[in-house]
Each structure stands twice: as structure tokens, then as C-alpha cells.
There are 2 protein chains.
Amino acid sequence: MTTNNHAHLHQIHTHIAGPAQHAFEAAGGHWTVMRKSVFEAVAAEGAPRTAYEITDHVSSALGRKIGANTIYRILELFIEHNLVSRIESQNTYVACDHPQNPADCIFLVCSGCGKTTHLDDQATSEQVRALATATGFTPDRMVIEANGRCVGCSL
Amino acid sequence: MTTNNHAHLHQIHTHIAGPAQHAFEAAGGHWTVMRKSVFEAVAAEGAPRTAYEITDHVSSALGRKIGANTIYRILELFIEHNLVSRIESQNTYVACDHPQNPADCIFLVCSGCGKTTHLDDQATSEQVRALATATGFTPDRMVIEANGRCVGCSL
DNA sequence: AAACAAGCGTAATGTTATAACATGTATATG
DNA sequence: CATATACATGTTATAACATTACGCTTGTTT
Ligand SMILES: [Zn+2]
Ligand SMILES: [Zn+2]
Ligand SMILES: [Zn+2]
Ligand SMILES: [Zn+2]
């Protein structure tokens with residue numbers, strides 16, 4: 001019975017699931033109400049959000065006060081599972097649109113309007129990795145960000 | 001007399017000056033005791049340091065308690081003048097060895113020992129800039145960092 | 001049932017960064 | 001020299017970002 005229930009729930013979940021949930025569960029993670037809510041908060045807007053903005057969003061969505069550490073825990077988990085990226089120069093978090101395959105995401109952050117563009121360019125990230133490797137360094141995670149002005153703000 | 005004094009002091013300063021001081025003064029900056037002390041704190045060790053570590057170091061050096069904002073002000077100034085770089089993924093600051101010419105510095109940060117290697121590779125940084133520009137973005141400052149393991153820690 | 005691990009709650013604290021306003025210091029000018 | 005002015009720093013407080021420690025609940029394993 002327990003097995004049946006679990007199978008049933010799993011089926012429902014995967015049925016509703018977006019790619020993020022699917023990838024997360026495929027890796028053995030549990031797509032709880034809390035985690036679902038955090039992911040929706042991160043993915044909600046185009047703009048990246050700070051951990052405390054996400055905290056407020058989730059608190060509103062769930063109708064009760066959520067502690068910041070709960071959010072940080074889940075963000076860290078999501079980053080490990082490639083569902084979320086942290087933008088280091090902004091202290092913000094953004095949902096990845098490619099949870100299936102890890103990537104060295106590149107972000108263009110506009111200092112005018114805050115709009116952030118997400119790029120994946122393997123040739124570029126590989127060049128950085130190669131440069132690091134050439135020195136004997138073993139790279140793990142890449143941080144490639146450009147701060148400047150978007151098209152709309154460059155006037 | 002005032003003019004004489006100034007000329008004299010200036011001569012002494014430039015005589016002792018390292019490249020950083022020289023470049024800073026050439027750009028019209030004043031190499032005050034405070035700024036000198038902050039620069040020495042940043043440059044003191046190979047490892048990058050946090051703003052509060054620098055604050056403590058400077059406080060010790062001057063024998064009195066310095067406020068964190070004083071340090072942040074000067075770090076910002078140094079970054080603008082290309083004397084210091086901020087490592088975004090670590091919240092640390094490191095002295096630049098090329099104050100004369102601005103560069104898109106690349107940092108390799110070891111997660112084992114904290115050792116940070118500073119690279120300048122224009123081909124790589126230009127590729128990132130070109131990628132950004134191709135989207136209509138106008139890049140200003142680049143952030144290119146690799147987190148991983150240095151030679152000594154990769155065993 | 002008992003043992004165990006995962007997930008989250010709660011509160012406190014630590015760390016990094018900035019704001020607002022006062023005071024001091026160098027330099028120019030009359 | 002006196003005074004005006006801009007620059008530099010001091011002081012205090014607070015904001016913003018992140019982690020620690022501990023306990024409770026729930027689900028899973030034995
Ligand atoms: Zn990506
Ligand atoms: Zn913009
Ligand atoms: Zn450099
Ligand atoms: Zn190392």
C-alpha cells in the first residue's frame with residue numbers, strides 16, 4: 001500500500017512536472033511543497049532575486065513566515081542540482097532553463113535596469129577552463145559575468 | 001613656501017613610490033597615510049583578504065580603531081583606479097600588479113587552500129566581451145573567476 | 001515498535017556593506 | 001594670515017546577506 005501510494009504520487013508529480021522538477025526527481029530529490037514554492041519564486045520573474053526577496057515571496061505564497069535559512073538550504077540544493085544559478089556580482093539567484101545538463105552559465109547584468117541575460121556559450125567557457133587548466137589548476141565551477149548596459153539602457 | 005613644501009613632499013613621495021602609488025598620483029589621487037596603509041594591507045599577503053581583515057590590519061598598523069566604511073571607501077577608489085580587484089565569488093580584495101593599464105583580470109580560486117592565482121589573458125576576456133557585445137550589450141566590467149583546486153590541492 | 005534519516009522550523013548570531021552626518025585637513029585665494 | 005572650499009576621514013547606526021545550532025515532525029527501514 002505504501003508502495004502503491006508512493007508510486008501514485010510519483011506519477012502525479014512527474015505528470016505535472018516541468019523539466020526542473022523532473023530532473024530533480026530523476027536525481028533522487030524530493031519535490032516537496034516548500035521546494036516547489038522556492039523554485040516558483042526563483043523562476044517567477046525574468047529578473048534575478050535576492051534570497052530575502054525569495055523568502056518574502058515564498059512566505060506570501062504559503063501564508064506564513066519562512067526563515068531565511070530554509071531558503072538558503074534549498075537554493076544550495078538547487079544549485080548543486082543545476083536548477084538554479086547564483087549571480088556572484090549581484091548576490092542574486094536565477095532559475096536555470098537547462099536543468100538536464102550542467103553548464104558554465106554566462107550572465108550579462110545591466111547596471112541601469114537590473115535586467116540580466118543568461119547565455120550559454122561553450123566555446124567561451126571552454127576557453128576559460130582551458131586557460132585555468134593550462135596552469136595546472138583543476139576548475140570546478142566557472143563564474144563568468146559581465147556588468148554593463150543592456151540595449152535599452154545604453155542610450 | 002607652500003609651493004616649495006608641496007614640491008618637496010611630492011618629490012619624496014614619488015621617489016619612494018611603487019607603481020601603484022605612482023599610477024594613482026598620476027591620475028590625480030592623493031596618496032595619504034590612510035590610503036597607503038590600506039594598500040599595504042591589501043598587498044601584504046599573496047592571499048586575498050576580506051574588507052574586515054583589511055580593517056583589522058590597518059587598525060593594527062595605525063594603532064587605532066578604523067571604521068569599516070573608511071576601508072570600503074578606499075577599496076572602491078582603488079578599484080576605480082585599477083589598483084585593486086574585487087573577487088566576487090569570495091568577497092575578497094587583492095592588489096593588482098598592473099596599475100598602469102586596466103585589464104579584465106581572471107582569478108583561479110582554490111577551494112582547498114584559498115590560494116588565488118591572478119591571470120590576465122586578453123584573448124579570453126575579449127571573447128567574453130565579444131559575446132556580450134554581439135547581443136547588443138555594452139560591457140563595462142568583466143567578472144571571470146574559476147573555482148576549483150590548485151596544483152597542490154588536486155591530489 | 002524502534003531506529004534512523006530527511007526536511008523544515010525557530011532563534012540567534014555572524015559577516016559583508018552602506019548611509020548619514022560630523023569633524024578634520026589640505027590647498028587656493030584675497 | 002584669514003577665510004573659503006573641496007577633499008578626506010571619523011563616528012555611529014543600520015541594512016543586506018548568510019550561517020549556525022538545536023529541536024520537532026514525518027517518512028522510511030529494520
Ligand atoms: Zn546556462
Ligand atoms: Zn538595462
Ligand atoms: Zn589583472
Ligand atoms: Zn589549493
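Residue numbers begin at 1 in each chain, while the letters A, B, ... track the order of the sequences.
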What is the separation between atom [atom1] on [X] and atom [atom2] on [N], rounded to the nearest whole Å?
X        : N       : atom1 : atom2 : result
Met34(A) : dT25(D) : CE    : C1'   : 16 Å
Glu53(B) : dG14(C) : CD    : P     : 17 Å
Leu62(A) : dG9(C)  : CG    : C1'   : 13 Å
Ile74(A) : dG9(C)  : CD1   : C1'   : 12 Å
Ile71(A) : dA18(D) : CD1   : P     : 13 Å
Gln90(A) : dT16(C) : CD    : P     : 18 Å
Ile54(B) : dA17(C) : CD1   : P     : 10 Å
His81(B) : dC7(D)  : NE2   : P     : 12 Å

Examine [N]: is either OP1 or OP2 under 4.0 Å from a nitrogen or oxygen in the side chain of [X]? Give yes or no.
X        : N       : result
Arg86(A) : dA18(D) : yes
Thr32(A) : dC8(C)  : yes
Tyr52(B) : dT15(C) : no
Tyr72(A) : dA18(D) : yes
Arg73(B) : dA17(C) : no
Thr70(A) : dG9(C)  : yes
Tyr93(B) : dA17(C) : yes

- prompt: Between Trp31(A) and Phe78(A), how do the two ring planes meet: parallel, tilted or perpendicular, split at 30° and 60°?
  reply: parallel
Options dG9(C), dG10(D), dT9(D), nucleotide nearest the side-chain atoms of Ile66(A):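 Per side-chain heavy atoms of Ile66(A), the pick is dG9(C).
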- prompt: So which one's nearest nucleotide on DNA chain D is more toward 5', Asn91(B) or Val33(B)?
  reply: Val33(B)
message: Check this for me: does the side-chain of Asn69(A) come within 3.5 Å of the base of dT20(D) through a donor and an acceptor?
response: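 Flag set: donor-acceptor pair detected.
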message: Assuming nearest nucleotide by heavy-atom distance, tell me which of Leu77(A) and Ala68(A) is located more 5' along DNA chain C.
response: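 Residue closer to the 5' terminus by nearest nucleotide: Leu77(A).
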Which heavy atom of [X] sits nearest to which heavy atom of [Y], and what is that distance?
X         : Y         : result
Pro48(B)  : Ile87(B)  : CG-CD1, 3.7 Å
Val151(B) : Thr135(A) : CG2-O, 3.9 Å
Ala41(A)  : Val58(A)  : CB-CG2, 3.9 Å

Side-chain touch Thr117(A)/Phe137(B), heavy atoms, less than 4.5 angstrom: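 Result no, sub-4.5 Å side-chain heavy-atom pair not found.
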